[in-house]
Structure formats: C-alpha cells, structure tokens
Amino acid sequence: MKIAFFSTQPYDITFFESANQAFGHELVFFTQALEPTTAGLAAGAQAVCLFVNDQASEASIAALAKLGVSTIALRCAGFNNIDVEAAKKAGIKVCRVGAYSPEAVAEHAVALLLTLTRKTHKAYNRVREQNFALTGLLGFNLHGKKVGVIGTGNIGQAFCKIMLGFGCEVTAFDLIANKEMEALGVVYAPLIDVLASDIISLHCPLNEQTKHIINAETLGYCKKGVTIINTGRGGLLDTKAVIDTLKNGTIGALGLDVYEQEEKLFFKDLSSTIIQDDIIQRLMSFSNVLITGHQGFFTKEAMEKIAHTTLENISNLEKNLPLATSNSIV
Ligand code: NAI
C-alpha cells in the first residue's frame, strides 16, 4: 500500500524504512502537518500516517476521502486530533498504536519529576560554571510522599509501579479501578482527594470530560507546593489558571512534556525566530517550571514498536484482518 506520512521528522524515516523491510509498503514522507490545505500531498496514496499535531478535522478528512484515502494510521496512542465521526461517515478506517512502550512515557514523567525535586537541571549549569554551592538546590524525598495519578491506563500503571518502588503512597482517579493496581497498593479515590497529593501526574486521554481537568476550581483542592507533571496532553491543563497558581505559589513545581498550543511550536527548531506565543514564554520564565517538547515517547524501543505496529496495522486493514482492540478506532 502507498502510505503518505505527514509531519515527518528525520528519525521517522529511519525507523519506518527499517521496519518496512518486513512489510514492503511504498512510503512517501512529507514534513508538512496535515490540514485541509496540505491534504492534497496524499494524492495517489491509500493510507496516511499521522502524528500528534496533524489535524484530521472534518475538512481534512473530506479532502483525503476525495483522494481515495481509505486508512488513517496514527503513529501514536492519543487520537484527540482526529474527527472520529467524520472518518466514520467518510468510510475511512482509523487505527493507532494503543500501547508501544508505556514505560517510555512513564519514565519520562519520572525524569521530569526527579529533575524538579532534586533540581539537577540547575546543578548541571552551576557545576559547569565551577559553582559548587548548594544554596537554592534543596530538594525533597519522594519516599513517603503522596502521589496522585489521574488515569491508570497503560502509562498511568507503569508510572504507579515506579512510584510504588520509590516508597510513595499512590492514590489514583480513573473511570475504572484497575484490580492489578489495587493489589499492588494503589488506592482509588475521587478526583478531589487525589488532587490533595504532594505530586500529581496526568495520564488520562484528552477528551470532552478531561479538557482542563486541572483548572482554577480543581487547583483549589491542591496542596500548597504541589508538584504537577503532565505528559498526557496540553489541553488537560487550563494553562492560564496554572500560570495564576504558579504566581501565587500554590504550584511548587510544574513539569510539562505537552502544551495546549504545542502544534505551532513543538518538533521544530525555532531558536532563531521570535516566538509569538506569550503564554509559553510566561511559563518558561518560571524557575520552577520544566518543559520538554513532547519527547515522552521518544526512546529507541518505543520508536521501533511504533513503526512496526503502525505498518502491521495498515497491512492487517489491507487484508481485512482484525486489529488488536487497543489499536482500532474506526
Ligand atoms: P490508555 O488508554 O491506556 O489509558 C487512559 C486511562 O485514562 C484509562 O484507564 C481510562 O479509563 C482513563 N480515563 C479516561 N477518561 C478519564 C477521565 N475522564 N478521568 C479519569 N481517567 C480517565 O492510554 P495510555 O496509553 O496510558 O496514554 C494516556 C495518554 O498519554 C494518551 O491519551 C496520550 O494523550 C498521552 N501520551 C503522551 C505521550 C508523550 O509522548 N508525552 C505518548 C503517548 C501517550
């Protein structure tokens, strides 16, 4: 099958060309993100392969359908950027990589957390300048702290296990309590109780129920000095409310791998441009905020799995074979 890749980065080409040796699809790579005006690049392809910031809106889907595209294959887990109803109506199948390496994202959440709690980002710069003073680097132990996890799917579970290993007390909020997690010692509780933790980590999908789940009201239930980690999706936080809460000192530290308006910024080198987004500039100005550019998924193991599963999904759909439930959207 001919597959048109949108939002391609050099590493996508490396991993997908290598994985494709086992599948033999025809791959064409475009750096542009999918939007109605770029959909035409998929002419001649039967499938498109999309990433987190491609916009498969109703208009993009209509343009793809006109070209005869029958499959949208996401090379990621989240699918909040896809108009699922429009795809259904257009008769386009949509698949994703439901679980590639939940540990990759969970470990990145922990990397953000440990960097913030032990200030290693500051220590790194200080020591390079031969400043070995410790003033200002006082951290706190994770051991014994109350960690609140919102969303205990694949990534949330991997995160819970790591936190339990650190000796934390883990409470969680999810629509469904996970028995395996409960057996390990995770206690499920209502959202307001989970918010009253020392550390909060977000691992639920972005949808109508979870948009701005962290907002001015819910931040009111948080402890003063709370550390919040978001590796889920930027829209889980009401960024404006978060900035106000950083300014009044309620949020002690914030680690973000995702950002509400990230599609204009992330995965691009903007080092010689003037960034027009004042909100991210304000976030970056806080000394207790650490931002990474959506790299939670970015490990060798995860990239190999993503490439293999995406191409396998497309091959199975081509042969009318069923997909794993977690990979099938439409
Ligand atoms: P998953 O589908 O395995 O788990 C999601 C969990 O959230 C489920 O247990 C579900 O019941 C729960 N949930 C759904 N709605 C909820 C609600 N209203 N309140 C509380 N919990 C709710 O998904 P997975 O693989 O664990 O990924 C979670 C999210 O992480 C993805 O949707 C994606 O947005 C994000 N992600 C981020 C990556 C990164 O590189 N930073 C990479 C991969 C995923």
Side-chain angles (χ1 to χ4, degrees), residues 7 9 11-12 50-54 74-82 84 94-113 148-162 170-182 186 188-195 197 200-215 218 228-237 255-260 262-263 265-267 290-303 305-307 309-310 324-329:
S7 300
Q9 296 289 342
Y11 44 81
D12 291 316
L50 307 182
F51 196 49
V52 294
N53 292 327
D54 288 304
L74 287 158
R75 54 182 188 277
C76 55
F79 56 94
N80 51 287
N81 51 332
I82 310 294
V84 171
V94 183
C95 57
R96 65 167 179 161
V97 188
Y100 41 88
S101 174
E103 291 78 17
V105 186
E107 287 174 16
H108 190 71
V110 178
L112 290 173
L113 176 60
V149 179
I150 301 179
T152 53
N154 294 306
I155 298 169
Q157 287 172 45
F159 182 80
C160 287
K161 286 180 192 165
I162 301 172
V170 182
T171 57
F173 173 69
D174 198 305
L175 305 176
I176 313 147
N178 180 289
K179 296 259 176 296
E180 191 201 336
M181 288 296 106
E182 284 182 319
V186 174
Y188 283 85
L191 181 62
I192 53 168
D193 296 337
V194 172
L195 289 169
S197 303
I200 297 168
S201 195
L202 294 151
H203 300 291
C204 56
L206 175 63
N207 55 35
E208 273 170 28
Q209 288 79 49
T210 60
K211 186 170 161 63
H212 290 181
I213 192 165
I214 301 296
N215 56 43
T218 52
I228 300 180
I229 305 293
N230 186 13
T231 57
R233 282 289 179 268
L236 297 175
L237 303 188
L256 301 178
D257 187 45
V258 285
Y259 169 61
E260 251 184 309
E262 69 176 52
E263 63 281 359
L265 304 166
F266 285 10
F267 311 117
L290 176 64
I291 304 176
T292 53
H294 207 139
Q295 71 177 78
F297 71 97
F298 198 47
T299 66
K300 180 177 175 291
E301 292 79 1
M303 287 299 292
K305 187 85 197 289
I306 287 170
T309 307
T310 305
T325 321
S326 64
N327 291 347
S328 176
I329 298 171

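When a ligand or atom number is given, it counts from 1 through the structure's own listing order.
Ring-plane geometry between Phe267 and His294 is classed as tilted, the angle between the planes lying from 30 to 60 degrees on a 0 to 90 degree scale.
Considering only non-hydrogen protein atoms, atom 35 (C) of ligand 1 sits nearest to Gly232 O, 3.4 Å. Given atom 38 (C) of ligand 1, the protein heavy atom at minimum distance is Thr231 O, 3.8 Å. Protein heavy atom in closest approach to atom 15 (N) of ligand 1: Leu175 CD1, 3.6 Å. Here the heavy atom of the protein found nearest to atom 14 (C) of ligand 1 is Pro205 CD, 3.5 Å. The single protein non-hydrogen atom nearest to atom 4 (O) of ligand 1 is Gly153 CA, 3.1 Å, given as residue, atom name and distance. The closest protein non-hydrogen atom to atom 22 (C) of ligand 1 is Cys204 CB, 3.8 Å. From the protein, the heavy atom lying nearest to atom 19 (N) of ligand 1 is Phe173 CE2, 3.5 Å.
Under 4.0 angstrom from ligand 1, there are no non-hydrogen atoms of Gln157. Contacts between Asn154 and ligand 1, counted as non-hydrogen atom pairs separated by less than 4.0 Å, involve both the backbone and the side chain. When non-hydrogen atoms are compared, ligand 1 lies under 4.0 Å from the side chain of Tyr100 (C-beta onward) but not from its backbone. At a heavy-atom distance under 4.0 Å, only side-chain atoms of Asp257, from C-beta outward, approach ligand 1. Heavy atoms of Thr152 found under 4.0 angstrom from ligand 1 belong exclusively to the backbone. Contacts with ligand 1 closer than 4.0 Å are made by side-chain heavy atoms of Thr210 only, the backbone lying farther away.
Counting only distance, with no hydrogens or angles, the side chain of Asn81 and the backbone of Phe51 share a donor-acceptor pair below 3.5 Å. Within the 3.5 Å criterion, the main-chain N or O of Asn178 finds a donor-acceptor partner in the side chain of Tyr188. Although no hydrogens or angles enter the test, the distance criterion places no donor-acceptor pair under 3.5 Å between the side chain of Asn80 and the main chain of Asn207. Between the Thr218 side chain and the Asn215 main chain, a donor and an acceptor come within less than 3.5 Å of each other. Side chain of Asn154 to backbone of Pro102: no donor-acceptor contact under 3.5 angstrom is found. The backbone N or O of Pro205 sits less than 3.5 Å from a side-chain atom of Thr210, completing a donor-acceptor pair. With hydrogens and angles ignored, the 3.5 Å screen pairs a side-chain donor or acceptor of Gln157 with a backbone N or O of Thr152. The main-chain N or O of Ala77 is found under 3.5 Å from a side-chain atom of Arg96 such that the two form a donor-acceptor pair.
The N/O atoms of Asp174, backbone and side chain alike, include one that comes under 3.5 Å of an N/O atom in ligand 1. By the 3.5 Å distance cut-off applied to N or O atoms, Ile213 is not counted among the residues near ligand 1.
Less than 4.0 angstrom separates atom 40 (O) of ligand 1 from at least one non-hydrogen atom of the protein.
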Apply salt bridge (charged side-chain N to carboxylate O under 4.0 Å, His left out) to the pair Glu180 and Lys161, showing each step before the final yes or no.
CA-CA 10 Å; Glu180 191 201 336; Lys161 286 180 192 165; 3.5 Å; yes
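Residue contacts with ligand 1 leave out Pro102, since none of its heavy atoms falls under 4.0 Å from the ligand. At a 4.0 Å cut-off, not a single heavy atom of Leu206 sits close enough to ligand 1 to count as contact.
The nearest pair of heavy atoms linking Val258 to Arg233 is CG2-C, 3.4 Å.
Distances from atom 44 (C) of ligand 1 to the heavy atoms of Ile155, Val105, Val97 show the closest one on Ile155. The residue from His203, Arg233, Gln209, Glu208 that puts a heavy atom closest to atom 28 (C) of ligand 1 is His203.
Listed by number with element, the atoms of ligand 1 under 4.0 Å from a non-hydrogen atom of His294 are 38 (C), 39 (C), 40 (O), 41 (N). The ligand atoms of ligand 1 that sit less than 4.0 angstrom from a heavy atom of Gly296 are 40 (O).
The distance from the OG1 atom of Thr292 to the CG atom of Asp257 is 3.5 Å, given to the nearest 0.5 Å. Separating the CZ atom in Phe297 from the CZ atom in Arg75 is a distance of 9.0 Å, to the nearest 0.5 Å.
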